[in-house]
Amino acid sequence: MSQSHQQPALSKCPGCEEPPVAGDLFCGACGYDLSAVPARPDDRPTMAITVPPAAPAAEAVRWPTAEETDSSDVPAPVVRPADVPGTDSGGRPLTGPDTPDTESGRGAASPSGPDSAAARVRHDDRADPGGAEASGDFALAAPDPRAPEHAAALAAAPAPGAKVCVACRSGRVDADGYCENCGHAQPRERDHMEQELDAVAAVSDRGLRHHRNEDSFAVSSTALPDGSPAVVAIVCDGVSSASRPDEASAAAASAANEALLESLPRGTHPQQAMREAIVAASEAVNALAREPAGAREHDAHRHQNAPACTLVGAIMAGGLLIVGWVGDSRVYWVPEDRTQPTARLTEDDSWAAQMVAAGLMNEAEAYADERAHAITGWLGADAYELEPHTAAFKPDRPGLVVVCTDGLWNYAESAEEMAAAVPADAQRQPLHAARALVGHALDGGGHDNVTVALLPFAVRPQGAGSACETV
């Protein structure tokens with residue numbers, strides 16, 4: 001007949017070490033099958049521990065008493081190598097429980113000599129410079145930059161004057177704008193641009209949302225035939241929905257600036273010079289859409305999605321302030337005396353401006369509409385008939401001319417808001433003020449590219465009101 005063996009009482013569950021309830025077949029804490037625990041054997045066989053023949057006869061091995069027991073209440077051996085007398089593979093004695101060792105605080109003296117095993121361990125743990133030599137191990141030399149494996153890195157070092165990576169500060173930047181050493185993409189030159197002359201400063205920034213800067217600017221100074229100075233600022237904003245908007249804005253700004261630098265010294269009236277400069281900028285942008293050689297002569301889609309941009313500019317010459325524009329970039333007048341009225345000197349070529357001009361909406365309603373910033377005038381091969389706007393002003397007091405794209409005025413739309421954003425020392429530090437205005441737009445969200453040019457206008461008060469003529 002079969003005989004059932006009663007399981008021994010367990011002090012704790014083998015699975016979770018929680019004390020089980022008497023008579024339970026499964027642990028109430030973890031579900032361990034207590035019936036599967038083998039019975040504790042009646043005998044406890046042991047194995048003899050023999051000392052290697054090379055080792056000298058010594059006292060019997062004294063195993064330390066285990067502090068814990070296993071699941072069958074048999075003491076679990078807890079042994080450290082240094083607790084047992086013996087020898088290492090080289091025949092040297094190991095540190096035993098009775099061996100002096102000041103490192104562990106168990107004796108009065110520590111093993112000495114370069115061949116001591118304990119000494120070798122301490123050298124490794126502490127990174128002692130003499131440890132490798134003392135133990136007979138191979139020393140690890142520092143990398144030699146003259147070694148062959150480093151020759152390629154040295155050869156790849158950028159030559160004097162070459163563009164260096166902004167990330168690793170050592171790699172050469174390739175033609176695609178990536179570091180040949182670490183692969184980091186480099187900031188584009190147009191991501192942030194600054195320029196300052198004696199009487200004008202400009203800053204352009206990519207903003208926080210766009211992947212590239214599609215704005216561009218040009219600032220310059222020249223002399224009129226009578227020797228008096230003329231200062232120029234041109235700001236262009238690429239139309240993002242068109243192709244190559246960054247190229248369009250750069251071409252327009254450069255062409256308009258060159259045209260002014262050519263016509264003003266010849267004595268052309270600044271207002272006429274501005275009009276001619278806008279026409280020259282338009283032609284430069286149109287040229288970007290021309291068909292390559294061999295293309296079909298008549299193609300209804302050749303101007304589809306052509307490069308396009310807006311333009312706004314200002315000239316200070318002969319006591320006059322001339323402004324010109326196509327699109328929705330703007331010019332503001334901020335008097336040095338902030339108690340005097342400020343003014344916006346341009347009218348947008350936009351859907352909102354048309355609604356206001358037609359009397360269909362007031363300005364607040366028009367600019368709150370989602371179609372507000374749809375432009376109705378621009379430079380490009382697919383534009384309507386070009387209608388450059390120019391205006392001439394003769395300020396009777398010193399002030400600041402703010403020429404900017406909508407990336408700035410979206411965060412300071414009214415003349416009063418723009419004046420509040422302009423730093424008080426803008427007349428004396430135009431570059432600092434331009435940076436501050438760009439920062440104002442970035443702090444507001446930086447949803448668009450941001451470009452601003454500042455021209456301090458200094459005149460002697462004459463008592464007469466400002467004259468204005470718009471063409």
Side-chain angles (χ1 to χ4, degrees), residues 163 173-178 185-195 202-219 233-259 277-313 324-329 348-350 373-388 403-408 410 446-453:
K163 191 173 181 180
V173 178
D174 61 19
D176 294 330
Y178 291 87
Q186 305 300 297
R188 299 180 182 89
E189 183 179 356
R190 288 179 62 173
D191 282 356
H192 186 88
M193 302 180 292
E194 296 184 359
Q195 188 175 355
V203 176
S204 182
D205 191 90
R206 184 185 67 179
L208 304 179
R209 301 297 181 88
H210 281 226
H211 69 283
R212 64 181 175 184
N213 189 358
E214 297 170 357
D215 288 358
S216 190
F217 69 82
V219 294
I234 302 293
V235 169
C236 296
D237 183 356
V239 177
S240 296
S241 59
S243 64
R244 296 145 60 199
D246 52 332
E247 296 181 29
S249 62
S254 176
N257 185 62
E258 291 177 3
I278 295 175
V279 173
S282 177
E283 294 174 351
V285 177
N286 292 348
L288 297 176
R290 289 174 184 164
E291 293 180 322
R296 289 184 298 173
E297 183 176 356
H298 301 288
D299 185 355
H301 304 286
R302 64 191 181 97
H303 291 324
Q304 184 177 1
N305 202 31
C309 70
T310 66
L311 180 148
V312 65
W325 73 96
V326 173
D328 61 350
S329 294
D348 299 343
D349 287 326
S350 67
H373 292 281
I375 57 175
T376 58
W378 63 90
L379 305 181
D382 60 349
Y384 302 118
E385 183 179 355
L386 179 63
E387 297 182 4
V403 185
C404 65
T405 62
D406 61 343
L408 172 59
N410 276 332
H447 287 73
D448 199 356
N449 307 142
V450 188
T451 302
V452 59

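Values below: every heavy atom of this structure, side chains too, minus hydrogens, waters and symmetry copies.
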(request) Please examine the side chains of D448 and H210, heavy atoms only from C-beta on, and report whether any two atoms are closer than 4.5 Å. (result) yes

(request) Might you point out which heavy atoms bring G377 and V326 nearest each other, and give the distance in Å? (result) C-CG1, 3.8 Å

(request) Look up atom CZ in R190 and atom CG in N449, then write down how far apart they are to the nearest 0.5 Å. (result) 8.5 Å

(message) Once rounded to the nearest 0.5 Å, what's the spacing between atom OG1 of T310 and atom CG of D348?
(response) 10.0 Å

(message) With rounding to the nearest 0.5 angstrom, report the CD to CD distance, E214 to E247.
(response) 11.0 Å

(request) Indicate the atoms forming the closest heavy-atom contact of N213 with S204, along with that distance. (result) ND2-OG, 2.9 Å

(message) Give me the atom names and distance for the closest heavy-atom approach of A281 to A252.
(response) CB-O, 3.5 Å

(request) Compare all side-chain heavy atoms of I375 with those of D349 and state whether any distance is below 4.5 angstrom. (result) no

(request) Please name all residues satisfying side chain to side chain contact (heavy atoms under 4.5 Å, CB included) with A280, sequence neighbours left out, ordered by chain then number. (result) A259

(message) Could you tell me if T405 and D215 have a donor-acceptor pair between their side chains, going purely by distance under 3.5 Å?
(response) yes

(request) State the CE-CZ distance between M193 and R188, to the nearest 0.5 angstrom. (result) 12.5 Å

(request) Could you tell me which non-hydrogen atom of V235 sits nearest to which non-hydrogen atom of C404, and how far apart they are? (result) CG1-C, 4.3 Å

(message) How long is the straight-line distance from CG of L288 back to CZ of R244, given to the nearest 0.5 Å?
(response) 5.0 Å

(request) List for me each residue that meets side-chain hydrogen bond (donor to acceptor under 3.5 Å, both in side chains) alongside D406, sequence neighbours excluded, and say none if there are none. (result) none

(request) State, to 0.1 Å, how close C236 and S249 come at their nearest heavy-atom pair, and which atoms those are. (result) CB-O, 3.6 Å

(request) Could you tell me which residues satisfy ring pair (Phe, Tyr, Trp, His ring centres under 6.0 Å) with H373, sequence neighbours excluded, listed by chain and number? (result) W409

(message) Nearest 0.5 Å, please: how far is CG in D382 from OH in Y384?
(response) 9.0 Å

(request) Check whether any side-chain heavy atom of N410 lies under 4.5 Å from a side-chain heavy atom of H447, and answer yes or no. (result) no

(request) Please report the shortest heavy-atom distance between G407 and V450, naming the atom on each side. (result) O-CG2, 3.8 Å

(request) Kindly indicate, with the supporting measurements, whether the criterion side chain to side chain contact (heavy atoms under 4.5 Å, CB included) is fulfilled by I234 and L311. (result) CA-CA 7 Å; I234 302 293; L311 180 148; 4.1 Å; yes

(message) I want to check something: taking the side chain as every heavy atom from C-beta on, are D237 and T451 in contact at a cut-off of under 4.5 Å?
(response) no

